[in-house]
Asks: 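Sharing a structure, written as structure tokens. Questions coming.
In what follows, every chain begins at residue 1, and chains take the letters A, B, ... in the order their sequences are listed.
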Number of protein chains: 2
Amino acid sequence: MRILLVEDDAVLGMAVRDQIVADGHSVDWAQRIADAGDAVLAAAYDLILLDLMLPDGRGLDFLKARRVAGDVTPVIILTARDQISDRIAGLNAGADDYLVKPFDLFELSARIRAVGRRYGGNPNPLVRIGDLDIDLAARTLRRAGKPVRLTAREWALFEAFVQRPNVLLSKAQIEEHLYSFSDEIESNTIEVYVGRLRKKLGPDVIETVRGLGYRLGVPVGAG
Amino acid sequence: MRILLVEDDAVLGMAVRDQIVADGHSVDWAQRIADAGDAVLAAAYDLILLDLMLPDGRGLDFLKARRVAGDVTPVIILTARDQISDRIAGLNAGADDYLVKPFDLFELSARIRAVGRRYGGNPNPLVRIGDLDIDLAARTLRRAGKPVRLTAREWALFEAFVQRPNVLLSKAQIEEHLYSFSDEIESNTIEVYVGRLRKKLGPDVIETVRGLGYRLGVPVGAG
DNA sequence: ACCCACCGTTCAGGTTGCCGTCAGATGGAC
DNA sequence: GTCCATCTGACGGCAACCTGAACGGTGGGT
């Protein structure tokens with residue numbers, strides 16, 4: 001899925017872009033409305049992420065203009081919490097969904113999938129790994145058909161692995177995923193949580209690479 | 001989507017109708033409440049646009065009567081009176097959304113889509129979960145065969161869960177479902193209502209996932 | 001006009017269970 | 001065997017959650 005990100009906050013933009021790419025989408029980043037205003041360009045995308053922090057409500061004008069021009073590319077609005085009126089105005093202007101900053105990157109993934117599903121007919125966010133059935137959007141997980149309950153942190157960690165199967169993740173990367181912009185940790189918390197996940201998911205799901213990190217192992221043959 | 005427009009302002013009615021048709025919906029236009037009062041007629045529509053400019057608050061009476069009669073067709077209220085009391089009265093009477101005239105026609109389209117989204121994708125309104133028999137369309141509920149009576153808010157909350165069984169809903173999502181276009185809330189209202197639902201439906205129906213939200217758990221085995 | 005029942009919301013206080021941490025055990029690399 | 005990274009069981013603190021109660025508003029009944 002090709003995504004156009006219209007943003008003027010560089011830091012948030014990077015985080016968002018990283019998450020989108022991690023979900024397997026491609027993304028272009030338009031720092032200025034003028035860039036995105038090119039209808040021919042924008043029409044080539046499957047989804048537009050629009051930041052309403054842009055000055056003078058030009059984001060909304062952009063959105064309305066696109067709708068008037070008949071462009072029906074789905075649009076998700078990103079907006080600050082204290083600008084509820086903007087958000088409503090955005091929906092009224094034809095946005096398909098919105099997210100309030102600061103938002104969970106997981107929630108962004110869910111919304112993108114939802115919009116994509118609504119318009120593209122991509123049905124299943126379901127992942128199957130071994131005897132595990134995973135629905136990241138619904139946060140449901142079954143092991144051999146039997147429901148498994150994960151806590152918030154366990155979900156966050158598991159999510160990091162599921163998004164990058166077969167990729168080796170260093171502890172630093174995992175740490176960043178769990179505690180992206182807030183406090184750091186100072187102990188073996190990640191080891192503890194990997195252990196807890198193994199207890200719930202089975203011992204062979206997460207592989208330890210001594211000295212480097214961890215990796216989610218996907219069986220090569222038939223699952 | 002078939003839409004019934006209950007209106008007495010001819011000019012606005014035409015504009016609205018044009019916009020709706022432009023959105024790909026079909027619309028009928030009832031100029032008098034008496035016309036729409038025919039429940040058999042109204043029940044055939046997917047959405048009702050109700051103008052509260054109708055004299056003597058008969059629009060609200062109409063709305064209430066329909067709800068009492070068990071008709072749950074989504075209703076969007078159009079009104080020029082921006083008095084809060086009217087708005088609250090309308091929502092209390094069972095309206096799903098609210099628009100103050102004069103409104104942007106894009107706004108109307110957005111609301112129509114939102115309401116349609118909320119009620120769409122529910123071909124079979126009859127649901128059985130555990131010992132609960134649920135009819136979302138009729139808003140009737142039985143627990144072990146015995147009728148259970150829910151208030152409006154309780155229904156709204158329960159509906160959010162039933163529409164997405166086994167899916168974890170964050171408090172933000174639930175809030176959005178309950179208070180989509182009106183003001184947000186500032187306390188533990190959702191927790192209180194979850195508690196009330198559990199008291200009426202049984203303690204195991206709604207599962208708490210600490211830090212993430214709630215989930216309606218459907219038994220895996222025989223339901 | 002008055003009273004009463006009910007609903008939605010808020011608040012305060014009690015309770016729970018997750019999170020992060022630590023210490024000791026385990027096991028691979030050399 | 002030694003070193004060191006990782007594993008594991010256990011624990012305290014605290015935020016998230018639950019619950020009973022109260023309050024204002026609305027509507028129905030008399």
Side-chain angles (χ1 to χ4, degrees), chain A residues 104 139 148-158 168-172 174-175 177-180 182-215, chain B residues 57-58 60-65 67-68 83-95 139 148-160 168-172 174-175 177-180 182-215:
Chain A
D104 194 47
R139 288 197 205 259
V148 178
R149 293 166 44 164
L150 300 183
T151 70
R153 278 280 184 276
E154 287 163 0
W155 268 116
L157 176 61
F158 189 44
L168 182 106
L169 299 178
S170 70
K171 287 188 183 178
I174 295 171
E175 214 167 293
H177 183 93
L178 292 185
Y179 309 94
S180 40
S182 61
D183 309 324
E184 311 268 323
I185 56 174
E186 312 155 356
S187 69
N188 64 341
T189 305
I190 291 177
E191 297 168 12
V192 171
Y193 272 101
V194 167
R196 287 175 181 166
L197 267 186
R198 281 180 178 143
K199 201 167 275 182
K200 291 188 176 181
L201 307 180
D204 301 328
V205 176
I206 299 174
E207 169 193 4
T208 300
V209 181
R210 206 177 168 78
L212 294 178
Y214 299 92
R215 155 164 51 209
Chain B
R58 288 177 57 212
L60 279 186
D61 295 340
F62 161 73
L63 182 53
K64 264 188 259 180
R67 288 290 187 240
V68 169
Q83 292 175 356
I84 295 186
S85 60
D86 281 3
R87 178 179 104 187
I88 292 179
L91 292 178
N92 284 343
R139 298 216 170 184
V148 176
R149 193 173 123 79
L150 299 183
T151 71
R153 278 276 183 274
E154 287 165 358
W155 262 116
L157 177 61
F158 189 45
E159 187 185 57
L168 188 137
L169 301 178
S170 70
K171 285 189 182 179
I174 295 171
E175 217 167 285
H177 184 94
L178 293 184
Y179 309 95
S180 43
S182 81
D183 302 324
E184 314 251 330
I185 58 174
E186 315 153 356
S187 71
N188 64 341
T189 304
I190 292 177
E191 297 169 14
V192 171
Y193 271 101
V194 167
R196 288 180 181 170
L197 268 187
R198 288 209 252 245
K199 204 166 271 181
K200 290 188 176 182
L201 307 180
D204 301 327
V205 176
I206 299 175
E207 170 195 5
T208 300
V209 181
R210 226 162 224 265
L212 292 179
Y214 299 91
R215 143 161 54 215

Asks: Counting the atoms with a prime plus P, OP1 and OP2 as sugar-phosphate, which does A:R196 contact under 4.0 Å by heavy atoms, base, sugar-phosphate, or nothing?
Replies: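 Base contact.
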
Asks: When we call it a touch if two heavy atoms are under 4.0 Å apart, what does A:T189 touch: a base, just sugar-phosphate, or nothing?
Replies: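 Base contact.
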
Asks: Check whether any side-chain N or O of A:S187 sits under 4.0 Å from OP1 or OP2 of C:dT21, and answer yes or no.
Replies: yes

Asks: With heavy atoms under 4.0 Å as the rule, sort B:R198 into base, sugar-phosphate or nothing.
Replies: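 Result for B:R198 = sugar-phosphate.
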
Asks: Any side-chain N or O of A:Y193 below 4.0 angstrom from OP1/OP2 of C:dC18?
Replies: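 Negative; the distance criterion is not met.
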
Asks: How is A:V192 classified with respect to the nucleic acid when contacts are heavy atoms under 4.0 Å: base, sugar-phosphate, or nothing?
Replies: base

Asks: Describe, as an angle rounded to 10 degrees, how the axis at the first end of the helix from C:dA1-D:dT30 to C:dC30-D:dG1 is tilted relative to the axis at the last end, five pairs per end.
Replies: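 Between the axes fitted at each end of the helix from C:dA1-D:dT30 to C:dC30-D:dG1 lies an angle of 30°.
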
Asks: Answer yes or no: does a side-chain N or O of B:R149 lie under 4.0 Å from OP1 or OP2 of C:dC7?
Replies: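 Yes, within the criterion.
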
Asks: Calculate the interatomic distance between A:L178 atom CG and C:dT21 atom P; express it in whole Å.
Replies: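 The distance from CG of A:L178 to P of C:dT21 comes to 12 Å, rounded to the nearest Å.
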
Asks: Would you tell me if any nitrogen or oxygen in the side chain of A:K199 comes within less than 4.0 Å of OP1 or OP2 on D:dG9?
Replies: yes

Asks: Please determine whether a side-chain nitrogen or oxygen atom of A:T151 lies at a distance below 4.0 Å from atom OP1 or OP2 of C:dC19.
Replies: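 It does, given that an N or O in the side chain of A:T151 lies less than 4.0 Å from OP1 or OP2 of C:dC19.
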
Asks: Using a cut-off of less than 4.0 Å, is there contact between a side-chain N or O of B:R153 and OP1 or OP2 of C:dT9?
Replies: yes

